[in-house]
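Sequence lines set the chain letters: A, B, ... in the order given, protein chains first and strands last, and positions in each chain run from 1. Not measured: the values here are computed from a predicted model.
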Protein chains: 2
Amino acid sequence: MKEHTIESCAKANLAIRDTLDIVGGKWKLILISVLRSGKKGFNELSREAGISPRILSKELQELEMNGLVSRKVCDTKPITVQYELTEYSHSLNDVLVAMEKWGYQHRKRIVQGIE
Amino acid sequence: MKEHTIESCAKANLAIRDTLDIVGGKWKLILISVLRSGKKGFNELSREAGISPRILSKELQELEMNGLVSRKVCDTKPITVQYELTEYSHSLNDVLVAMEKWGYQHRKRIVQGIE
DNA sequence: GTAAGTACTATCCTTTTTGTAACAGATAGC
DNA sequence: GCTATCTGTTACAAAAAGGATAGTACTTAC
């Protein structure tokens, strides 16, 4: 498990690239993170994530294509749409938790370094 | 721990953003992943990661500024430079491992889905 | 002096991403 | 009819990122 053969490294690098292909970019992980607190409407997501509708629409389509987010149209007064994390998206939990922890620790480190 | 208050969610989202600020983008995590197999020279990194020298130079500077990579000039025949992960960069291990696992599983899932 | 290797930097250009603003279709309230 | 809300889309523009190609500087080898 601790061996660093050429093959195992190439495999690891490929896996990282694969992951970045799906959830890389500026918004994907942020959207998923925001959606972890529950289903959200389009404008709601736009506000909470601070993302313009144009980009949001594109990002949500890509997330949906990759099976990470589901889109449900609700038959309400003004028609509304609910975006929600899929079961499969939970497989990203480790990634998200690790990034949350790191970001939190890193910020602490930076702040302490300044003071 | 399982509460989803407004504050805890905002905190989590901020942490994700912080992490992305440091290791987001197309190359940072790939470079770190490549460097996990040991120190590398500039051209070596360029070849292994498939990144052009111009971008590589910029990315390495940013990684160095954030304390994730160290740069050592070696007094060899033709002068060489060794790039190496810092101690602090190991704090990203959980993130990298989680992403490696996910990328690997996701690829398996996709391949199976096609066959 | 010529070629080759290392580590970049500079220049130019293309692609991708992101943002802004406006607009469309549907429905409800006034 | 006018306005407002919700969900997007479209058109246009700006910015960021990325790639290709050379070129610089230094050193060793021939």
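- Distances shorter than 4.0 Å separate none of the side-chain N or O atoms of B:Tyr83 from OP1 or OP2 on C:dT6.
- As rounded to whole Å, 17 Å separates atom C1' of C:dA7 from atom NZ of B:Lys40.
- Following rounding to the nearest Å, B:Leu20 (CG) and C:dT17 (C1') show an atom-to-atom distance of 15 Å.
- The B:Ser52 side chain lies nearest to D:dG19 when the options are C:dT18, D:dG19, C:dT6.
- Linking Ile, Leu, Val, Met, Phe, Trp and Tyr whenever their side-chain heavy atoms come within less than 4.5 Å puts B:Ile55 and B:Leu63 in one cluster.
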**Item:** Verdict with supporting geometry, B:Glu100 and B:Arg36, salt bridge (Lys or Arg N to Asp or Glu O under 4.0 Å)
**Value:** CA-CA 13 Å; B:Glu100 278 174 21; B:Arg36 287 181 92 198; 3.0 Å; yes

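- As rounded to whole Å, 14 Å separates atom P of C:dA7 from atom NZ of B:Lys39.
- Put simply, CG on B:Leu56 is 12 Å from P on D:dG18, counting in whole angstrom units.
- A cation-pi arrangement, defined by a distance under 6.0 Å to the six-membered ring centre and an angle within 45 degrees of its axis, is absent between A:Arg109 and A:Tyr104.
- Comparing D:dC6, D:dG8, C:dT18 by their nearest atom to the side chain of A:Lys26 picks out C:dT18.
- Of the listed nucleotides (C:dC8, D:dG8, C:dT18), D:dG8 has the atom at the smallest distance from the side chain of A:Val81.
- Separating the CD1 atom of A:Ile51 from the P atom of C:dT17 is a distance of 13 Å, rounded to the nearest angstrom.
- Nucleic acid contact for A:Gly41: sugar-phosphate only, since backbone atoms but no base atoms lie under 4.0 Å from a heavy atom of the residue.
- Distance from the side chain of A:Trp27 is smallest for C:dG19 among the nucleotides C:dG19, D:dC6, D:dG8.
- A donor-acceptor pair is defined here as one N or O able to donate and one able to accept, closer than 3.5 Å; such a pair exists between the side chain of B:Lys40 and the backbone of B:Val34.
- The side chain of B:Ile55 approaches D:dG18 more closely than any other nucleotide in the set C:dT18, D:dG18, D:dT7.
- Rounded to whole angstrom, the span from the CD atom of B:Glu59 across to the C1' atom of C:dC8 amounts to 15 Å.
- Distance from the side chain of B:Phe42 is smallest to C:dC8 among C:dT18, C:dC8, D:dT7.
- When distances run from any side-chain atom of B:Lys58 to the nucleotides C:dG19, C:dC8, D:dG18, the shortest one goes to D:dG18.
- Remark on DNA chain C: of its neighbouring residues B:Asn43 and B:Arg54, the 5'-side contact belongs to B:Asn43, judged by nearest-heavy-atom nucleotide.
- An OP1 or OP2 oxygen of C:dT9 is reached within less than 4.0 angstrom by a side-chain nitrogen or oxygen of B:Ser57.
- Between A:Tyr83 and A:Phe42, the angle of the ring planes lies from 30° to 60°, which puts this pair in the tilted group.
- The side chain of B:Arg71 approaches C:dA7 more closely than any other nucleotide in the set C:dT6, D:dG8, C:dA7.
- For A:Gln61 and D:dT9, the shortest distance from a side-chain N or O to OP1 or OP2 is below 4.0 Å.
- As a whole-Å value, the separation of B:Gln82 CD from C:dC8 P is 11 Å.
- Note: CZ (A:Arg47) to P (D:dG8) measures 14 Å, nearest angstrom.
- Pairing each heavy atom of A:Ala49 with each of A:Ile30, the nearest pair is CB-CG2, 4.4 Å.
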